[in-house]
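Below, chains carry the letters A, B, ... as their sequence lines are ordered, and counting in each starts from 1.
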There are 2 protein chains.
Amino acid sequence: MANQIASSRAPSFLKCSQCSLGNLCLPVGMNNQDMGELESIIDSTSPYNDDAPVYTAGQSFDKIFAVKSGMFKSVIVDSLGNDHITGFHLPGELFGLDAIHSEKYTSSAVSLGTSSLCAIEYKELEHLSHRLPSLQHQLMNLMSKEVRTSQSLNVDLTAEQKLAGFLVALSSRYKQRGYSETRFHLVMPRRDIANHLNMAPETVSRLFKRFANDGLLEINRTDLTIVNMQALKEMSGCLSVC
Amino acid sequence: MANQIASSRAPSFLKCSQCSLGNLCLPVGMNNQDMGELESIIDSTSPYNDDAPVYTAGQSFDKIFAVKSGMFKSVIVDSLGNDHITGFHLPGELFGLDAIHSEKYTSSAVSLGTSSLCAIEYKELEHLSHRLPSLQHQLMNLMSKEVRTSQSLNVDLTAEQKLAGFLVALSSRYKQRGYSETRFHLVMPRRDIANHLNMAPETVSRLFKRFANDGLLEINRTDLTIVNMQALKEMSGCLSVC
DNA sequence: GCTTTTACTTGATTCATATCAAGCGCACTT
DNA sequence: AAGTGCGCTTGATATGAATCAAGTAAAAGC
């Protein structure tokens, strides 16, 4: 299965113990018995179509979510109504964690293409993690990682560095999931990449062209092949990678 | 005590139960007995002088810290050696949480002026939070808040909006701590404000002048008075506030 | 008390990237 | 197969903020 091109096809796993994402997701470090307890509070949702919302900013917070297949994005809206994409979520990644401290979701989550989720009642998760140290440990690890990822996005970089870093980080996340690190589909439109990295879509387009001209990558619509990973890494300034 | 101007003078509290910051810090929601247990794993450190490091990026992670008095900043360094200030930490705030998921501190922490800290062995804190649900709850809340704060800093705003937002957020944090929300000292130099907000120090200087000319605030060296809070809030686009 | 340093201010110029404005091409419709 | 729409590309121009370059003023050192 490794090194196939990442797709948004949804395998219909039901149990954490049978899920191939266990080494990335909540069950990291858990024994079979604990995993059984975790499974008992997890709901599998029906698939989400392209652009389908999981929750909307302002709704009362109750669940966090783990991506089973496909991709989701988190979006915050400022007071002028401008969107900002705070992150893209790949299989095995959690989202909704930013809402814990408030009673409401502070961002909206939306599916990119067809995707599927596990839903976890946060109250139950919190309760269970009192009894399962390994679960609590992993939850803290994931939160800490999220803090760090957001922080490294704040660093002042050129458009070139930001896009290179984005691609390298995405590649690395696909690799962790058993997909090819050099060839994958860009599920999100250019507009979304641009928004997430705080640049104009035109800039993303121009940079892709330059990267291709310079032999760093080949790109055709959503089909991306990284040709010179090392150069991309160096260009990125190693913001969230290295 | 309320509404005095924030200073870096250090009150020498020893116990959480006697600390005025209990309503913001880790003990939120804890009963006296639980607080006693928490106190048993907390070390009070000797004061830090201006620019004194608490830890340096790369050091092995063992403790997280809570600010008792004064202010600290967290700094990450990219591969080119450029610093980036990820945050300023006021009394009652925790830092070091970004290091949990790795074995090492990923940022450096440095005192601004004379400041003091509580130090908490993370292993012990994690262990204790298995037994104290309220502690675990508050820890998750604080992490979640940190995620959200970092995310809102990523939103694409003009220099004007960013600086206005920074001042409004700082004001609100001082207010929570019982200090004046309209008048306080900017402990950090312009250079640090600029770095944190990804702008040039010259831009910060020019903006302060413009804000003063427009009657939004009065500023003299480090002494800041906010004259028109409403206008500043509106200008900020309500990034991390509202 | 004078010099030096450091932080900050102010003005002139440059530059990276946004914005504006067409145009292209693939996919979906009918 | 022609029409339509949307996402993307490409070029020309505008602009916000960085950089460069002095100059000022408060604090620190001698």
Closest to the [X] side chain, choosing from [options]:
X: A/T158; options: C/dT17, D/dC8, D/dA17; value: C/dT17
X: A/S205; options: D/dT19, D/dC8, C/dT19; value: D/dC8
X: B/R221; options: C/dT19, D/dC8, D/dA26; value: D/dA26
X: A/R206; options: D/dA18, D/dG11, D/dA21; value: D/dG11
X: A/K209; options: D/dA27, C/dT17, D/dT10; value: D/dT10
X: A/R190; options: D/dC8, C/dT10, D/dA18; value: D/dC8

Note to self: Regarding B/A200, tell me which of base, sugar-phosphate or nothing describes its non-hydrogen contacts under 4.0 Å with the strands shown.
What the structure shows: base

Taking [X] for its side chain and [Y] for its backbone only, find out whether a donor-acceptor pair lies under 3.5 Å.
X: B/S172; Y: B/V168; answer: no
X: A/T225; Y: A/L217; answer: no
X: A/N49; Y: A/A52; answer: no
X: B/S115; Y: B/M71; answer: yes

Mind calculating the distance between [atom1] ([X]) and [atom2] ([N]) to the nearest angstrom?
X: B/D192; N: C/dA7; atom1: CG; atom2: P; answer: 10 Å
X: A/E202; N: C/dC24; atom1: CD; atom2: P; answer: 17 Å
X: B/R191; N: D/dA18; atom1: CZ; atom2: P; answer: 16 Å
X: A/L207; N: C/dA16; atom1: CG; atom2: P; answer: 12 Å
X: A/L163; N: D/dC8; atom1: CG; atom2: P; answer: 13 Å
X: A/I193; N: D/dT9; atom1: CD1; atom2: C1'; answer: 14 Å
X: B/Q161; N: D/dG16; atom1: CD; atom2: C1'; answer: 12 Å
X: A/N198; N: D/dG16; atom1: CG; atom2: P; answer: 17 Å

Checklist line | Residues A/K63 and A/D43 bridged, charged N to O under 4.0 Å | finding: no

Next item on the list: Kindly say if A/T203 contacts the phosphate of C/dA18, meaning a side-chain N or O under 4.0 Å from OP1 or OP2.
Entry: yes

Next item on the list: Answer yes or no: side-chain N or O of B/R210 and base N or O of C/dT9 forming a donor-acceptor pair under 3.5 Å.
Entry: no

